[in-house]
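First the structure, in the form of structure tokens, and then the observations on it.
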Amino acid sequence: MRSRWSDSDAQAYLERYAAAPACNEDIALRVYTSRLIGREPALVLHGGGNTSVKTRLVDDTGELVDVLCVKGSGWELGDIEPAGLPAVRLATLQALRRLPSLSDEAMVNAQRTRLLDAGAPTPSVETLLHAFLPAKFIDHSHADAILALVDQPDGGRLAREIFGDRLAQVPYVMPGFALAKLAAEVAEANPQAEGLLLLKHGLFTWGSTARESYERHIAAVRHAEQHLAARRTSVAAPAQRASAVDFVDLAPRLRGALAGEREAPRRYFLHLRTSPAILRAVDDPAVRDWSQRGPITPDHVIRTKQFPLVLDPQQDPGAQVERFRAAYRDYVARQAAARPGRRITPLDPDPRVVLIPGLGLVGVGGSPKAAAIAADLYEHTLAVIADAEAVGRYEALPESDIFDMEYWSLEQAKLGAHRPRPLEGRIVYVTGAARGIGAATARAFAGHGAALYLVDRSGDELAPLARQLGAAWEALDVRDEQAVARSLDACVARFGGLDGAVSNAGVAPQANIADCPPELLRDSFAVNLFAHQWVASHAHRILRRQGLGGFLLFNASKAAFNPGPEFGPYAVPKAALVALMKQYALEGAGDGVRANAVNADRVRTGLLAADEVEQRARARGLAVDAYFRSNLLGREVLADDVAAAFVHLALAPSTTGCVLTVDGGNIAAAPR
Ligand code: ZN
């Protein structure tokens with residue numbers, strides 16, 4: 001690791017924030033080096049680490065006061081702004097050091113009541129540590145190379161050999177008031193020190209300038225890296241080989257097992273991560289030993305749990321997940337018993353990291369992002385453990401310390417209180433998603449919290465929509481059965497499973513049925529009937545493997561019930577599509593898979609070209625706008641109305657085999 005400090009970049013930060021409110025040169029440079037640290041994954045990951053500066057700002061009376069600007073919760077160092085470094089009045093914060101003890105709630109209250117801006121984010125849980133140390137700039141990380149050295153039975157001795165007295169050592173104490181006091185005492189007893197090593201936790205450095213503190217941090221990490229590199233046993237990269245395990249086959253079964261009770265399933269996303277280094281680690285038989293020692297730094301526990309599940313892919317995932325849960329419940333019961341009088345609400349007992357020999361590591365989370373974060377943290381964990389084993393023996397904190405961290409209210413607060421949206425956790429596949437009803441449906445499902453895999457013939461319009469919705473996407477010809485199967489597999493590989501499909505893609509050819517060219521009719525059947533079957537059959541197989549039920553939704557049409565002249569090539573396969581839906585309702589119910597259709601009419605979607613619409617309107621003696629409103633309600637049916645019907649059917653637990661009509665009222669077309 002090397003310093004990325006640049007005088008010209010520093011100058012650019014000074015200029016950028018010169019006129020910013022509640023900012024000054026100290027804070028501008030604090031933003032600069034905080035970002036340098038935050039953009040180095042070997043230093044901090046996903047909200048880890050924190051930084052501070054002691055400076056002076058004008059308060060609301062116009063007086064210049066001493067403040068500590070320290071990372072606020074909810075901000076990441078890599079893209080922090082001055083607003084992410086809330087200013088806390090320093091003198092009265094430091095006065096807290098006189099107290100013999102301070103509860104977590106009182107500590108948070110003390111920090112918030114000293115803010116200059118009542119609307120600022122809550123300062124870091126490590127604020128008092130920053131306040132009690134005298135240095136102007138302070139940087140804290142959980143650097144990989146540092147953890148490999150301090151996560152050892154004799155990490156203190158090892159670190160002293162490497163760093164001498166440049167870094168003073170603090171034995172492990174949970175973050176909070178007690179750690180802040182202890183760290184300040186250690187720093188005062190070691191006036192020569194440039195920073196602190198927090199055993200089993202991480203690194204603090206300080207300096208009188210932003211650059212000095214930052215470069216001391218980098219120097220310490222580089223020193224640790226050099227020590228490790230000299231001892232790292234070089235292992236030849238394994239020959240490229242096909243994975244022994246099929247993730248697409250395994251993922252839905254694992255996701256189904258992780259969901260717990262069928263009545264109120266916990267729907268997780270799975271994020272597969274694989275690389276030569278990961279494979280080497282998970283294929284090592286010793287993985288069952290060292291992976292069960294605990295996290296490399298305690299604040300990972302809220303995202304990774306104390307241990308990963310090591311899964312034998314040849315055995316049923318269900319029994320293995322159940323054993324993991326039983327061990328987790330025992331751990332909670334044991335630790336709760338050791339804390340009589342404390343009310344403990346157990347968290348879910350499910351693993352957040354799954355190590356699979358022959359495949360890689362899988363992050364598990366309530367959102368695609370949470371699953372990726374768990375995978376990131378554990379990918380670094382594997383590297384740290386390998387290095388720790390190369391220089392000695394990897395050792396984590398005992399379970400009581402891990403429990404204190406996992407069940408610490410201030411850590412749980414980092415995950416944030418969250419009211420889930422109705423389709424949150426659902427993985428939904430949508431065809432014909434680029435435009436019209438498909439695009440409106442994609443928007444509606446995304447708005448209700450679903451994770452989406454969108455397909456359409458071309459990516460031109462689909463890609464920007466997918467980007468806007470944070471969805472995965474692919475250009476796909478739904479007439480190609482093999483391609484549809486591969487596409488649904490890709491959805492499983494991306495998210496870990498599937499909860500439903502909206503089979504929407506369609507074409508609207510017109511011809512007199514008696515004179516219809518065979519190719520035109522065949523192509524209409526290929527899109528308007530068979531493509532629905534390819535989507536439904538493959539989706540149904542995945543849903544069955546997963547065991548959590550699911551939904552199949554079809555875009556039928558008014559034409560299925562009420563054919564129009566010259567519209568036979570469209571109406572005939574659409575009528576068959578309603579029969580297809582009923583067949584899936586009949587045969588899927590045993591697996592909890594519901595099948596339903598929406599019967600919409602006269603929606604402006606681009607399915608018909610403008611001149612075709614005009615022609616159809618003229619045939620009825622109507623202008624185009626009147627044509628779209630010629631229904632019982634006299635109201636134009638919008639793509640959003642159809643999308644709302646699909647959302648409703650996705651959420652209707654007791655409805656299957658149903659055609660929901662969205663046409664403004666048309667008795668001649670009503671299903672009977
Ligand atoms: Zn920390």
Side-chain angles (χ1 to χ4, degrees), residues 33-34 37-38 40-52 68 70-78 80 84-85 104 107-108 111 121-133 135 137-151 155 159 167-184 186-187 195-206 213-214 216-218 220-221 224 294-304 306 373 376-377 380-381 384 396-397 401-415:
T33 57
S34 298
I37 288 179
E40 198 81 66
L43 288 179
V44 299
L45 289 166
H46 303 299
N50 43 62
T51 58
S52 70
L68 175 76
V70 61
K71 197 197 93 159
S73 67
W75 285 84
E76 304 226 352
L77 290 180
I80 203 156
L85 292 159
D104 295 333
M107 181 175 81
V108 172
Q111 290 168 189
T122 295
S124 159
V125 296
E126 281 163 325
T127 293
L128 291 183
L129 204 166
H130 287 265
F132 294 172
L133 292 173
F137 285 87
I138 299 177
D139 292 39
H140 169 46
S141 79
H142 306 142
D144 289 355
I146 297 292
L147 292 175
L149 298 175
V150 299
D151 288 355
L167 297 177
Q169 296 187 4
V170 184
Y172 181 78
V173 173
M174 193 169 127
F177 184 66
L179 173 61
K181 281 181 80 159
L182 178 61
V186 170
L196 298 173
L197 275 178
L198 272 56
L199 300 182
K200 305 262 168 73
H201 176 161
L203 172 68
F204 275 83
T205 57
W206 52 69
S213 179
Y214 166 69
R216 283 174 171 177
H217 211 86
I218 300 301
V221 173
I296 53 174
T297 190
D299 83 3
H300 286 190
V301 72
I302 54 168
R303 298 182 189 277
T304 63
Q306 189 184 7
I373 288 175
D376 280 345
L377 295 181
H380 281 261
T381 297
V384 169
L397 288 166
D401 288 316
I402 296 299
F403 182 87
D404 280 336
M405 201 67 181
E406 186 176 5
Y407 282 81
W408 190 24
S409 58
L410 303 187
E411 277 295 289
Q412 287 300 327
K414 285 185 186 172
L415 297 178

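Here the structure is a predicted model, which is why all the values come from computation and not from measurement. Counting starts at 1 for both ligands and their atoms, following the listed order. Atoms considered below: every heavy atom in the structure, side chains included; atoms not considered: hydrogens, waters and symmetry mates.
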* Structure fact -> With Ile296 as partner, the option from Leu397, Ile146, Val384 fulfilling side-chain contact (heavy atoms from CB on, under 4.5 Å) is Val384
* To do: Assess the pair His300 and His46: is the distance between their ring centroids shorter than 6.0 Å?
  => no
* Asked: By salt bridge (charged side-chain N to carboxylate O under 4.0 Å, His left out), which residues pair with Asp404, not counting sequence neighbours?
  -> Arg339
* With Glu76 via salt bridge (charged side-chain N to carboxylate O under 4.0 Å, His left out) - residues at least two apart -> none
* Residues forming a salt bridge (charged side-chain N to carboxylate O under 4.0 Å, His left out) with Lys200, sequence neighbours excluded -> Glu395
* To do: At a cut-off of 2.8 Å, list the protein N/O/S atoms near the Zn ion (ligand 1), residue plus atom name.
  => His140 NE2, His142 NE2, His201 NE2
* Pairwise distance NZ(Lys71) to OG1(Thr122) - rounded to 0.5 angstrom -> 12.0 Å
